[in-house]
Amino acid sequence: MASSSFLSASAGVRLPSLWREFMYRSIVPSTITLVASEHNCGMTPSDFRMVGIFVLATPIIRLLLNTVVLRPIARRAVLTPSQRARKRIAKADTDRVTRFQESAWKLFVYTTFQIMGWRAMITEAKSAGLLLTDDQSLLLGLSDMISGGGGSSRRTFSQFWLRGWPEQRCDSATKNLYAAELGFYVASIGMLLVWEVRRKDFAVMLTHHVITSLLIFHSWTLHFMRVGLAILLLHDASDILMESAKLCNYAEQKHSANMLFGLFMLSWIVLRLLTFPFVVVRSTLFDALAMFRAPPWELHIVEPGPVLAFHHGKSTILTTKSHTEKKNKIANNLTH
């Protein structure tokens, strides 16, 4: 709040030199302050409680699945009938059963997230006005949005995640997915520490879960759920193929494992090495700057509290009364 008052007070100051002007624009940030509510993509107390429920539910669901479904399937897929009949199983075979269970659990989770994610993506795309007619091919429309298309379609993805920000009204399907993903990765930190067998990649996986949790939480608090939704879909799709390939490998289905690993590598190249950097990251780097109409050296920070939009020396304070309409009007003006 101190920075907001300083910005408002400094808006009319005439700086004597180009150097001081440069320093002013480099140090003093343009600020948009966000207020989370049930009507936008911000994280509300009820959303935070939902995350807590998923954190507690994740290990319970995993324990039930392991006991009732995954362990019997793992024993049948990995062990021969004679091995299953023995009272004592070799450690190497026991490890394969355990690894099969872990991959089966991850496959279940990532598949569930994909189903939830595409349902949310369709709803958000319709909300953004990108899927307008009933006879429009849904698959084609979503493919064009994710890939960026060509010509005038190149802006489609930026329209999807920037239009209406920061007051985009997110569907409950999107918030449920975010809560489930965040709850899963937070719970995975604990399960990795106290449940799962520690392997060589323990430090790598622990770092991955911590960073992923922070990124999901951060994008939620900044109301950037739509772009986060696209990122989650791109990453989870490859994980489904990878875990499926692992299951086939543990079950000694070499031909199926090789085919799935090949599809995994292809999806990794298309989704993570091409689509993610050249469509998603490119849009977040350049389209966002175009929206704010600011030079690269000018900082942009977002903090909770009263709404303040400050752009190039002009400050606009938006009160809670009709703040949704006013902020949407400003966002629309910035994109033109």
Side-chain angles (χ1 to χ4, degrees), residues 34-58 60-62 65 106-134 136-147 156-188 212-213 215-240 271 275-276 279-280 283-284 324 328:
L34 306 179
V35 179
S37 75
E38 299 293 338
H39 305 293
N40 59 36
C41 293
M43 178 181 276
T44 63
S46 61
D47 296 327
F48 193 78
R49 288 192 293 270
M50 181 63 71
V51 173
I53 291 173
F54 276 108
V55 171
L56 297 176
T58 296
I60 297 174
I61 294 173
R62 182 176 181 180
L65 275 177
K106 292 176 183 178
L107 176 62
F108 166 77
V109 170
Y110 294 137
T111 303
T112 302
F113 287 164
Q114 275 288 293
I115 295 171
M116 294 174 64
W118 279 109
R119 179 177 178 274
M121 176 65 80
I122 292 169
T123 304
E124 296 298 338
K126 289 180 178 178
S127 177
L130 300 179
L131 299 175
L132 299 176
T133 60
D134 294 334
Q136 179 181 9
S137 170
L138 194 61
L139 185 60
L140 264 172
L142 291 172
S143 174
D144 184 60
M145 183 185 67
I146 294 293
S147 65
T156 310
F157 180 72
S158 62
Q159 292 172 358
F160 167 72
W161 75 274
L162 279 176
R163 180 178 290 173
W165 185 88
E167 288 299 322
Q168 295 164 341
R169 185 179 180 88
C170 286
D171 187 75
S172 59
T174 307
K175 289 202 168 188
N176 289 339
L177 174 67
Y178 249 69
E181 291 257 13
L182 183 55
F184 166 72
Y185 281 109
V186 171
S188 294
T212 303
S213 300
L215 289 173
I216 295 174
F217 176 78
H218 191 55
S219 68
W220 197 343
T221 58
L222 297 185
H223 300 209
F224 284 136
M225 293 187 79
R226 284 185 178 175
V227 67
L229 173 61
I231 293 171
L232 291 172
L233 281 173
L234 290 175
H235 284 69
D236 289 344
S238 296
D239 290 333
I240 289 176
L271 299 179
T275 305
F276 177 61
V279 177
V280 179
S283 180
T284 57
T324 301
N328 282 339

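Every value quoted in this text rests on a predicted model; they were computed, and no experiment measured them. Atom set for the values below is all heavy atoms of this structure, side chains included, hydrogens, waters and symmetry mates excluded.
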- So, the side chain of Ser238 versus the backbone of His235: is there a donor-acceptor pair under 3.5 Å, distance only? no
- Note on the structure: Rounding to 0.5 Å, atoms OG1 (Thr284) and CD1 (Ile231) come to a distance of 7.0 Å
- Could you tell me whether the side chain of Gln114 and the main chain of Leu233 form a donor-acceptor pair under 3.5 Å? yes
- Item | Between CZ on residue Phe160 and CE on residue Met121, distance to nearest 0.5 Å | 4.5 Å
- Message: With a 4.5 Å cut-off on side-chain heavy atoms, are Arg119 and Ile115 touching?
- Response: no
- Note on the structure: dist Arg62:CZ -> Ser188:OG (nearest 0.5 Å) comes out at 7.5 Å
- Hey, does Phe54 have a side-chain heavy atom less than 4.5 Å from the side chain of Val186? no
- Message: For a quick test of reading the model, state the closest non-hydrogen atom pair linking Ala237 to Leu271 and the distance between them.
- Response: CB-CD1, 3.7 Å
- Item | Criterion side chain to side chain contact (heavy atoms under 4.5 Å, CB included) against Phe184, the qualifying member of Ile61, Thr58, Val55, Ile216 | Thr58
- Neighbour count >12 (heavy atoms, 6.0 Å) for atom CE, Met50: no
- Message: Applying side-chain contact (heavy atoms from CB on, under 4.5 Å), can you list everything that pairs with Met116, at least two apart in sequence or on another chain?
- Response: Thr112, Phe113, Asn176, Leu177, Ala180
- Roughly how far, to the nearest 0.5 Å, is CE of Met225 from CG of Leu232? 9.0 Å
- Task: Not counting sequence neighbours, which residues clear side-chain contact (heavy atoms from CB on, under 4.5 Å) with Thr123? List them please.
- Result: Asp171
- Do side-chain atoms of Lys175 reach the backbone of Gly42 as a donor and acceptor pair under 3.5 angstrom? yes
- Message: I need the minimum non-hydrogen distance between Trp161 and Ser283, along with the two atoms involved.
- Response: NE1-OG, 2.7 Å
- Item | Between OG on residue Ser127 and CZ on residue Arg169, distance to nearest 0.5 Å | 9.0 Å
- Between Glu124 (side chain) and Cys170 (backbone), is there a donor-acceptor pair under 3.5 Å? no
- Message: Within this structure, what is the CE-NE2 distance for the pair Met43 and His218, rounded to the nearest 0.5 Å?
- Response: 12.0 Å
- Message: Going by side chain to side chain donor-acceptor pair (under 3.5 Å), name the residues that satisfy it together with Tyr178, two or more places apart in sequence or in a different chain.
- Response: Ser219
